[in-house]
K.L.:
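Have a look at the structure that comes next, please.
Note that ligands are numbered from 1 as they come in the structure, with each ligand's atoms numbered from 1 the same way.
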Amino acid sequence: MTQMSVYLGSAKKNAFFMKKLGLGFFLFVPLAIFAVAALLHQEPENTDVSDNSSTTSVLSVVEAQRPKTCEERQDGQPSASLKGHDVWKYLCAHKEDVYTVSSGDTFAKLLSERGLSSSQAHEASQAVRRLWDTRELKVGQDVHFLYSLEGKAALKGLYLLSDPTHLVLLKRTGQDFTADLISVPSTTTMVYKESRITSSLFDAANQSGVPTNILIDMIRAFSYDVDFQREVKEGNTFSVFYETVQDNNKKVLSSRNIAYASMRLNDRFLRIYAHKTKDGSTVFYFRDGSSTRKALLKTPVDGVRISSTFGMRMHPILGYSKMHKGIDFAAPRGTPIRAAGNGRVVYMGRFGAYGNYLKIKHNDTFATAYAHIHNFPKGMRVGQTVKQGQLVAFIGTTGRSTGPHLHYEILKNGAQVNPQSVKLPTSEKLSSAEMKRFRQTVAKVEMQMAAQGKMDTAQLVQNR
Ligand SMILES: [Zn+2]
C-alpha cells in the first residue's frame, strides 16, 4: 500500500494534511467524479486508487468542500496549464516518498540524489522556478517525491507547499519537466479568543490558543498606548478576533488579519478595530474613530519578549522620577529595540553611565533616547532616518546598569519628560465620510462576534 505521509508546512505545527486522511485527500477530485457512482454502488470503480481500504474516509472527504476549479480561483494561477487537467488524479497515480529538508540541502541537490543528471536537475529546477523561488526551500520543509506505482525506479515528479494554501507540482514526462501551482482547498473563518492574564500575557495567549503571530500583531497595535512592562497585570483580560485559513479537515493553515482586539487593564479598557481606509491601507482605530497611531510608541521594545514573563520584573523596573528621568524595560539581552517614532539618528555610541546610547530626533519638539544598548544592527549610522517601529538597537546592560534592560527617555525641547504622562501630538482623525464607513466596519465586526455568541465580555459590560 502506498505510504502517504503528512504534509507538514514550513512550520511543523501547521500540519497540513492529516495523516489519517492519507491518500484520501488527493482522491476526492477524481472521486467527486465517481461520487454518484459511489452512491449507487458501494465501491466505486477507481483504477487510479492504489488503496481502496478506507471508503468511509474517502466518502467523508467527497462530502467536504471540493477544491476550487481554475475558473473559480481568484489569483489567476495556475493559469491555462491546469485547465481540464486532473492534477489529483495524477497524484493518485503515483507512489510518494516524503523527505524532510535538512541543512545543506538545495532543490537541485535533492533531485541529483534521486538519480537525475545535473542537466535534468537544472531543467527541473528551471520549470519550478517560474512558479516558486527554489531558494525558499526551508529546513524542516517536506518534499514529496513521486514514483510510479510499480516501483521506485525513476523519479516521476514531486510536490511541496510553496505557501500555506498553494502547492507546486513538478511532473516529469520522459525527459521533459513541467511544473504547476495548485491551490489547496481552504476556507476562511473568523476566530474569537478571550483570555485572562494569570502569569503573563504571553502565557495567557498560549493557553487560549492565540497564535504567536497574532499576539505579536496585537501587541504592536497596542504598543502606542500600552506600557507592556508596567501596565499589564494579573487579572487583566484581552480578546482578539482574527481570520484563520483552514483546510477541509479544519486544520489551521494560517492565522492573520486581526479585525478586533481589546485589552482590559486596571484602569482602562481599550478596543481597537481594523479599518481599511479608501486609500487601501488597514489601520487600527479606537471605537470613537481615533487612530491608535501616535507619534511615539509607549513600548519601544519587542512587546512579546517583555510579555513573556513577569519573572523579568524581578529586575528593578523604575518609573519616572526626579532621580530617574526615564522608563526602564527589562528584557533579555538582544531583544530588539524599536524606534519610538519616525525620525533621524542624531547620536549613537558610548555616552558615560548610559553605556551605548542612541538618540533619535523626531521633530523640532521631540526626541527619544535609548540607553544601556548591547549593540546596533548592521548599517545603523548617525544621520540616517528611521521609521516608527524600525529595529534600531538590541537590549544590553552597558554603562551603569545592573541587568539587561532598556532605559528609555522622551525629550521635549531637550529636557526629559515623563513618557507615561507626556501629551503627544494628537493622532489623525477620520474624515466624516470615512467615519461613516468606519461605523459600518465596527457594526459588522461586532455582529460577527455576536453571531459566534462570543462577544467580548468586557465589551458587554462597557456597552451596557
Ligand atoms: Zn533607567
K.L.:
Using a 6.0 Å distance limit plus a 45 degree cone around the ring axis, check whether Arg196 lies over the aromatic ring of Phe238.
P.N.:
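No - Arg196 does not lie over the ring of Phe238 by the 6.0 Å and 45° rule.
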K.L.:
Give a yes/no answer: is there an N/O/S atom of His372 under 2.8 Å from the Zn ion (ligand 1)?
P.N.:
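So His372 does not bind the Zn ion (ligand 1) by this criterion.
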K.L.:
So, are Glu194 and Arg264 salt-bridged, with charged N and O less than 4.0 Å apart?
P.N.:
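Judged by the 4.0 Å cut-off on N to carboxylate O distance, Glu194 and Arg264 do not form a salt bridge.
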K.L.:
Out of the N/O/S atoms in Asp328, what is the name of the one closest to the Zn ion (ligand 1)?
P.N.:
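Within Asp328, restricted to N, O or S, the Zn ion (ligand 1) is closest to atom OD1.
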K.L.:
Quick test of your reading of the model: are Asp217 and Arg220 salt-bridged, counting only N-O distances below 4.0 Å?
P.N.:
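No, Asp217 and Arg220 are not salt-bridged.
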K.L.:
Got an N, O or S from His405 under 2.8 Å of the Zn ion (ligand 1)?
P.N.:
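His405 does not place any N, O or S atom closer than 2.8 Å to the Zn ion (ligand 1).
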K.L.:
Any chance the side chains of Thr100 and Asp142 put a donor and an acceptor closer than 3.5 Å?
P.N.:
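Asp142 and Thr100 do have a side-chain donor-acceptor pair below 3.5 Å.
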K.L.:
If you check every N/O/S atom of His407, which is the one nearest the Zn ion (ligand 1)?
P.N.:
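Per the distance ranking, His407 contributes ND1 as its closest N/O/S atom to the Zn ion (ligand 1).
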